[in-house]
Each structure stands twice: as structure tokens, then as C-alpha cells.
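These figures come from a predicted structure and were not determined experimentally. Naming convention: chains lettered A, B, ... in sequence-line order (proteins, then strands); numbering from 1 in each chain.
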Protein chains: 2
Amino acid sequence: MRSNVARRQPETKPASSPASRPYRIEEQVGYLLRRAHQRASSIFQVTIGDPNITPTQYSSMVKLHEYTELSQNHLGRLVGMDKATMQGVVRRLKERRLVDSRPHPGDARRTLLSLTTEGQRLITKLLVNGPAVSRETLKPLTNQEQRQLLELLSKII
Amino acid sequence: MRSNVARRQPETKPASSPASRPYRIEEQVGYLLRRAHQRASSIFQVTIGDPNITPTQYSSMVKLHEYTELSQNHLGRLVGMDKATMQGVVRRLKERRLVDSRPHPGDARRTLLSLTTEGQRLITKLLVNGPAVSRETLKPLTNQEQRQLLELLSKII
DNA sequence: TGGGCATCGTACGTACACGAACGATATGGG
DNA sequence: CCCATATCGTTCGTGTACGTACGATGCCCA
């Protein structure tokens, strides 16, 4: 198609705006968010202080540290995770004895989650490194740009 | 709440900067990037025009559309994906007959990938919707903010 | 008070994402 | 020419992430 070598400027004129730029995957938000998230995760992994704790496990433990006790569903909503995803995260935390559970007294459908003593100890330790993770991730930006980025990301969630 | 109901201000004084704000998970880049990426992915899924094509499959096909033929490793570098991840993406695209492969003439280690005719047809169709995905994802922002966000994300990758 | 509807947690399937290890091949230096 | 080293693609294991379906339970209201 096109003619001999194919490439550059595929025949999609977006037709939307007249003077629209060519469509480059590297300039699309979704692509940039995926790459940025990749980088942030890898910085987290080497900076947080325990290579076996993942970002989602960390957020879950931080929330449990704040609230003391939460149902699995409620925790999932607080950290922005699907209940199906939450299930796996909680299972792994329980297997490692960082989280414990007991049935909800008044609602037999729910399970109340809380940190074990070891979980408390670990999250207290990891929280010290939390700021360093963000600092390292945002390093390429000036202070003002850092604030801007956080604000813009908040707006599109 | 503020006082007796269990928390706020856990006892971690970050100790780094004197006047540092309390550490809230919702204000950390990594967390915001995860949430933003989630939202972008779900917008992609309902907007791109084929629910069976994922964002990474899409980027891979766009690159193959641009370059005509690429080794698996090279493609992975272009779209920012690990070679192990690439393996699965390519396998699924081949299973659906959207991508084909042939051995590299001069290097027996490599496999050259290209779009099949059906792959060409599909990506040409999906590319029409590409801009709409980004537009929808960036909808909460003004034009200037949109440009800012893209620039800031590029900087931290 | 009972039936319909929502919510909670679980299970299964699919797809990313990456580290680690591996075999095959390529390449450069001695 | 041969070996050390690097690259290419594969496989395995672990951990998100979400849709869908399911059973159990709770709750509202007719």
C-alpha cells in the first residue's frame, strides 16, 4: 500500500481538526502514562527498602495503617483497586503474615482486615522511604513542574 | 475527625525536610500514575473500536505499520516493552493472524515481524480512533494543561 | 414478611510486566 | 581459528489488573 516503501505519514488524515499534527504513538497520553508508570514502579522497587513489597501492597498497608481496620471492599475503593485485584493482594499479604482478618461482627458478608504486629513494624519502616521514592521519580522536574504534574494527574483521575 | 477516631498523622515524621507535608498516598506520583494509567486503559478499551486489542498490542501494530518489518527485540525497544513481555504480545498477535514472522536473512537469532494483510486492515481502521482515545483521556484538562501534561510525562520517562 | 435487588468475597480466564535463566547464534580479540 | 562475550528469542515464576460469573448474605419495600 501507499507505494514502494510504506512508512511515515500513514494515510490516516484524522479529519478532525484541519491542522492536526501527525499521529505519533509517543505523543499519546496512554502511551506516556504506561511508560511513566513503568519507571515509577521500578524506582519504587529499588527504593522502598523491601524488594518483596509491591506498590499496591504498599498502598494497601499504608491505608490499613491509617484506618486500623477495613473491609476488603472498602480498602479496595480507598486504594483504587478492583475487588478481584484486591483479593489477590490481600491473599499474598495474609500468606506473609503481614495482614490478618476477622469476620465483621454485624455483617456476615464482610471480612475485616488489619495489620499484624509484623505488618505494623514493616510499614512503619517502609514509610520512611516513601518520600524518597516520589523524590527520585520526580527528579527530572523542577519543584514547580512537580506540583503541576501532581495536579494534572489528579485532575484526570 | 482529626482526633479520636484512629488516626491521621501516623507517627512517621519523615525527618527529611523540616516543613514537609504529611505523607498521603494519594499525593504520591507513583499512586497517581497507576490510577491515571488505569483510567487511560479503560478509555482505550471502549474507544479504540475493537475490544480485543489492548493498548500494547495497538502500539506494537502501529510501529509495525510505520516500519513495515522489525525484529522482535527492536520492536520491544521502540514501544518500551521488556523482551519477555514482547514475547507474549507477539504470540497473541500471531495467533490472531494479525502479525506474521520470517527468519532474518543474515542473522539466525532474529525473527522479522510484519503485519499481515488483515493486520494492516485492522490497524488502519483503529488508527482513525486513536486521537479520540487521547482526546477523551485528556478531556478534564484545558488545551494548555494537556500540552503541559504530555511534556511533563515525557520528561520523567 | 417475603421477594427482589444490591453488596461482599471468591474463582476463573486473559493480558501486562519484569527478573532470571537458558540455548543458539553472532562477533571481536588474540 | 577459537574463545570470551554479547545479543536474540524463549521459558518460568510472581504479581498486578479487570471482566464475568457465582453463592451467600443483607436490606428495602411492597
Side-chain angles (χ1 to χ4, degrees), chain A residues 30-31 33-46 48 50-61 70-77 79-96 98-99 101-113, chain B residues 30-31 33-46 48 50-61 70-77 79-96 98-99 101-113:
Chain A
Y31 178 84
L33 284 171
R34 179 173 66 80
R35 302 291 308 271
H37 180 238
Q38 269 177 21
R39 173 160 171 278
S41 300
S42 97
I43 289 175
F44 178 93
Q45 197 222 322
V46 302
I48 200 58
D50 183 336
N52 295 318
I53 293 295
T54 66
T56 53
Q57 290 171 6
Y58 175 75
S59 343
S60 303
M61 291 179 71
L70 284 169
S71 78
Q72 187 168 307
N73 246 22
H74 189 185
L75 175 56
R77 284 193 299 273
V79 296
M81 287 169 48
D82 189 88
K83 61 180 175 172
T85 304
M86 206 64 237
Q87 214 273 327
V89 174
V90 167
R91 181 174 47 73
R92 284 180 285 271
L93 288 174
K94 284 170 75 172
E95 280 166 7
R96 285 188 236 164
L98 297 171
V99 158
S101 65
R102 66 180 180 105
H104 190 292
D107 190 337
R109 296 167 307 174
R110 303 190 203 188
T111 306
L112 285 175
L113 303 175
Chain B
Y31 178 84
L33 285 171
R34 179 173 66 81
R35 302 291 307 271
H37 181 237
Q38 269 177 20
R39 173 159 171 277
S41 299
S42 99
I43 289 174
F44 179 94
Q45 198 222 322
V46 302
I48 199 61
D50 183 334
N52 296 318
I53 293 294
T54 65
T56 53
Q57 289 172 7
Y58 174 76
S59 338
S60 302
M61 291 180 70
L70 284 169
S71 78
Q72 187 168 306
N73 248 18
H74 188 185
L75 175 57
R77 283 192 299 272
V79 295
M81 286 169 47
D82 189 87
K83 61 184 175 171
T85 304
M86 207 64 236
Q87 213 275 326
V89 174
V90 166
R91 180 174 47 73
R92 284 180 285 272
L93 288 174
K94 284 170 76 172
E95 281 166 8
R96 287 187 233 165
L98 297 171
V99 158
S101 65
R102 68 181 180 104
H104 189 291
D107 190 338
R109 296 169 306 174
R110 303 190 204 190
T111 306
L112 286 174
L113 303 174

5'-most by nearest nucleotide on DNA chain C - Gln72(A) or Arg34(A):
Gln72(A)
So, is Gln45(A) close to the dG15(D) phosphate, meaning a side-chain N or O under 4.0 Å from OP1 or OP2?
no
Which atom pairs link the protein and nucleotides 25-27 of chain C when you take only N or O atoms and keep those under 3.5 Å?
| from | atom 1 | to | atom 2 | distance (Å) |
| --- | --- | --- | --- | --- |
| dA26(C) | OP1 | Ala108(B) | N | 2.5 |

Looking at every heavy atom in both Thr111(A) and Ser101(A), which two are closest together, and how far apart are they?
CG2-CB, 3.4 Å
Closest to side chain of Gln38(B), choosing from dT11(D), dA17(D), dG15(D):
dA17(D)
Under 3.5 Å, which donor-acceptor pairs do the side chains of residues 53-61 of chain A form with other protein atoms, sequence neighbours left out?
| from | atom 1 | to | atom 2 | distance (Å) |
| --- | --- | --- | --- | --- |
| Thr54(A) | OG1 | Thr56(A) | OG1 | 3.4 |
| Thr54(A) | OG1 | Gln57(A) | N | 3.3 |
| Gln57(A) | OE1 | Thr54(A) | N | 3.4 |
| Tyr58(A) | OH | Tyr23(B) | OH | 2.8 |
| Ser59(A) | OG | Pro55(A) | O | 2.8 |
| Ser60(A) | OG | Thr56(A) | O | 2.8 |

Identify, with sequence neighbours excluded, every residue that meets side chain to side chain contact (heavy atoms under 4.5 Å, CB included) alongside Ala40(B).
Leu33(A), Thr137(B)
Mind checking salt bridge (Lys or Arg N to Asp or Glu O under 4.0 Å) for Arg92(B) and listing every partner two or more places apart, or none if nothing turns up?
none
With a cut-off of less than 4.0 Å, is there a side-chain N or O of Gln87(B) near OP1 or OP2 of dA17(C)?
no
Note: for Pro55(A) and His74(B) on DNA chain D, the residue whose nearest nucleotide lies more 5' is His74(B)
Taken in chain and number order and not counting sequence neighbours, the residues that satisfy salt bridge (Lys or Arg N to Asp or Glu O under 4.0 Å) with Arg77(A) are none
Set of residues satisfying salt bridge (Lys or Arg N to Asp or Glu O under 4.0 Å) with respect to Asp50(A), sequence neighbours excluded
none
Residues at least two apart in sequence or cross-chain that pass salt bridge (Lys or Arg N to Asp or Glu O under 4.0 Å) with Arg96(A), listed by chain then number, are none
Let me know the distance between CG of Leu112(A) and C1' of dC8(C), rounded to the nearest Å.
12 Å
Starting from C1' on dG15(D), measure out to CG on Asn52(A) and report it in whole angstrom.
11 Å
Whole-Å distance between dA17(C) P and Phe44(A) CZ?
18 Å
Nearest to the Arg77(A) side chain among dC8(C), dA17(C), dA21(C), which nucleotide is it?
dC8(C)
Under the side chain to side chain contact (heavy atoms under 4.5 Å, CB included) test, which residues partner Arg91(B), sequence neighbours left out?
Gln87(B), Glu95(B)
Would you say that Arg34(B) contacts Met81(A) through its side chain, given a criterion of any heavy-atom pair below 4.5 Å between the two side chains?
yes
What's Thr85(B) touching, base or sugar-phosphate or nothing? Going by heavy atoms closer than 4.0 Å.
base
Anything under 3.5 Å between a protein N or O and an N or O of nucleotides 12-14 of chain C, put it in a table, one pair a line.
none

Distance, rounded to the nearest Å, where Leu70(B) contributes CG and dC8(D) contributes C1'
15 Å
Side chain proximity check, Ser42(A) to Gln38(A), heavy atoms < 4.5 angstrom:
no
For Met86(A) and dA11(C), give me the distance from atom CE to atom C1', rounded to whole Å.
17 Å
Just how far, in rounded Å, is P of dG9(D) from CG of Asp82(B)?
13 Å
May I ask you to evaluate whether Thr54(A) reaches the phosphate of dG15(D), defined as a side-chain N or O under 4.0 Å from OP1 or OP2?
no
Touch check for Ser41(B), heavy atoms < 4.0 angstrom, all strands: base, sugar-phosphate only, or nothing?
nothing
Ser42(A) near the nucleic acid: base, sugar-phosphate alone, or nothing, with a heavy-atom cut-off under 4.0 Å?
nothing
Closest nucleotide among dT16(D), dG9(D), dG9(C) to the Lys83(A) side chain:
dG9(C)
Starting at atom CG of Asp50(A), determine the distance to atom P of dG15(D), rounded to an integer number of angstrom.
12 Å
Quick one: is dT7(C) close enough that its OP1 or OP2 comes under 4.0 Å of any side-chain N or O from Asn73(A)?
no
Apply side-chain contact (heavy atoms from CB on, under 4.5 Å) to Arg39(A) and Arg35(A), showing your working.
CA-CA 6 Å; Arg39(A) 173 160 171 278; Arg35(A) 302 291 308 271; over 6 Å; no
Quickly work out the Leu75(A) CG to dC8(C) C1' distance and round it to whole Å.
14 Å
Using a cut-off of less than 4.0 Å, is there contact between a side-chain N or O of Arg39(A) and OP1 or OP2 of dA17(C)?
no
